[in-house]
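Notes to accompany the following structure.
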There are 2 protein chains.
Amino acid sequence: MTAIPPDAVVAAWVRLVRARHRVLGAVEAELKRAGFPPLAWYDALLELRRAGEAGLRPYQLEGAMLLAQYNLSRLVDRLAAAGHVVRAPTPADGRGQVLTITERGCALLAAMWPAYAAAIGRHMGAHLTEAEAATLAALLDRLLAPPAEPG
Amino acid sequence: MTAIPPDAVVAAWVRLVRARHRVLGAVEAELKRAGFPPLAWYDALLELRRAGEAGLRPYQLEGAMLLAQYNLSRLVDRLAAAGHVVRAPTPADGRGQVLTITERGCALLAAMWPAYAAAIGRHMGAHLTEAEAATLAALLDRLLAPPAEPG
DNA sequence: GCCATCCGGATGCAGTTGCATCCACCATGC
DNA sequence: GCATGGTGGATGCAACTGCATCCGGATGGC
């Protein structure tokens with residue numbers, strides 16, 4: 001159980017961290033230069049747009065984005081303060097709320113996507129063929145599978 | 001220049017961020033549970049051990065780890081406060097300093113590695129064959145290549 | 001020698017994260 | 001109906017990050 005992993009695994013691990021650091025840094029920097037908010041805003045708004053008028057409960061959004069509860073709570077604070085999101089009480093559950101994206105939020109998504117996509121293309125796509133990207137995506141997916149069961 | 005990247009690239013991008021988040025989170029959590037400091041400490045000490053008695057200048061360490069200058073400055077503060085690293089003035093350059101790892105720092109590296117390696121194995125190795133890990137490492141390496149030159 | 005500039009490194013401050021805890025409300029047993 | 005425990009979400013506080021700036025020493029022009 002505590003066997004040392006093969007070199008290739010350690011190499012992949014190191015590169016995973018570094019590549020993500022590098023590409024994310026470059027992409028976020030581009031977006032910031034263009035005057036856009038952090039990517040977390042984009043992700044949250046994207047989920048909310050996908051949910052449509054029904055909206056999402058904060059805990060659902062928390063599950064969809066891999067984000068800690070307190071962290072999401074404060075992200076929603078900021079999104080609401082900026083007018084991208086509306087918090088409404090739930091009829092069904094007095095403790096909870098429903099989050100829905102506003103027009104303004106949709107507009108932000110629409111404005112960000114071209115810049116975001118271009119940045120992804122520049123910092124990721126430019127380094128890979130389409131086939132390589134597909135292979136990479138498939139391999140990374142393996143890492144997202146549920147953790148290996150203890151035999 | 002602002003072409004939308006193909007779906008496979010976007011898919012790889014999303015999975016890159018999520019996979020790193022997931023695996024890093026799991027690995028760091030394991031190390032923390034075992035009472036160890038954050039991985040940044042390990043990385044820094046590893047570089048310093050590699051440099052041996054000659055040590056490293058902070059700006060060299062900054063380059064080796066992808067870490068902002070002010071950030072490194074404070075990481076070194078913490079490492080020094082914990083006795084893992086020694087700051088000494090440079091004879092060659094009055095502004096600078098040389099960082100060297102202490103016995104205690106080496107001991108920490110030695111203590112952390114088994115736990116770290118086991119965590120990598122569990123959260124990364126368990127999901128991939130060795131060949132897949134090698135492919136993944138190679139693909140991620142492409143992302144670390146210098147940015148594409150503007151034609 | 002003297003000045004302007006640059007570079008290595010530190011630091012004050014604001015914004016963000018992690019952790020622990022708290023509050024309110026739901027659900028269950030009785 | 002009321003105590004008990006669980007769940008959704010917020011928040012005080014300490015740690016950490018990013019940014020801008022600052023300081024002191026090096027370097028180059030003259």
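Computed from a predicted structure; not experimentally measured. So that the names make sense, note that chain A is the first sequence line, chain B the second, and so on, each numbered from 1.
Atom CG in Leu79(B) sits roughly 15 Å away from atom P in dG9(C) (whole-Å rounding). In this structure, Glu62(A) atom CD and dT7(D) atom P are separated by 13 Å, rounded to whole Å. One interatomic measurement links the two molecules: CG of Leu72(B) to P of dT11(C), which rounds to 14 Å at whole-angstrom precision. Look at CG on Asp77(B): it is 13 Å from C1' on dC16(D), rounded to the nearest Å. The nearest whole Å value for the distance from the CG atom in Leu67(B) to the P atom in dG9(C) is 13 Å. Between Leu99(A) atom CG and dA10(D) atom C1' the separation is 14 Å, expressed in whole Å. Whole-Å rounding puts the Leu66(A) CG to dT17(C) C1' distance at 16 Å. Note: CG (Leu56(A)) to C1' (dG9(D)) measures 15 Å, nearest angstrom.
Using bins of under 30°, 30° to 60° and over 60° for the plane-to-plane angle, the ring pair Trp113(B)/Tyr42(B) lands in the parallel bin.
One cannot find a donor-acceptor pair under 3.5 Å joining the base of dC26(C) and the side-chain atoms of Arg95(A).
For Arg104(B), the side-chain contact (heavy atoms from CB on, under 4.5 Å) criterion is met by His84(B), Thr102(B), not counting sequence neighbours.
Nearest approach of Arg87(B) to Ser73(B), heavy atoms of both residues: NH2-O, 3.4 Å. Considering every non-hydrogen atom in both Pro114(B) and Ala110(B), the closest pair reads CD-O, 3.1 Å. Between Ala12(B) and Ala133(A), the closest heavy-atom pair is CB-O, 3.6 Å.
Residue order along DNA chain D, read from the 5' end via each residue's closest nucleotide, puts Gln97(A) first among Gln97(A) and Pro91(B).
Ion pair Arg57(A)/Glu62(A) not flagged as a salt bridge, since none of the NZ, NE, NH1 or NH2 atoms sits closer than 4.0 Å to an Asp/Glu carboxylate oxygen.
Using a 4.0 Å heavy-atom criterion, one finds that Asp93(B) contacts the sugar-phosphate atoms exclusively.
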Would you tabulate the nitrogen or oxygen pairs shorter than 3.5 Å linking the protein to nucleotides 17-20 of chain D?
residue : atom : partner  : partner atom : Å
dT17(D) : OP2  : Asn71(B) : OD1          : 3.1
dT17(D) : OP2  : Arg78(B) : NH2          : 3.3
dG18(D) : OP2  : Asn71(B) : ND2          : 2.8
dG18(D) : O6   : Arg74(B) : NH2          : 2.8
dC19(D) : OP1  : Lys32(A) : NZ           : 2.6
dC19(D) : N4   : Arg74(B) : NH2          : 3.4

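His127(B) and Glu132(B) form no side-chain donor-acceptor contact under 3.5 Å, judged by distance and modelled atom types alone.
Residue Arg87(B) places none of its side-chain N or O atoms closer than 4.0 Å to OP1 or OP2 of dG9(C).
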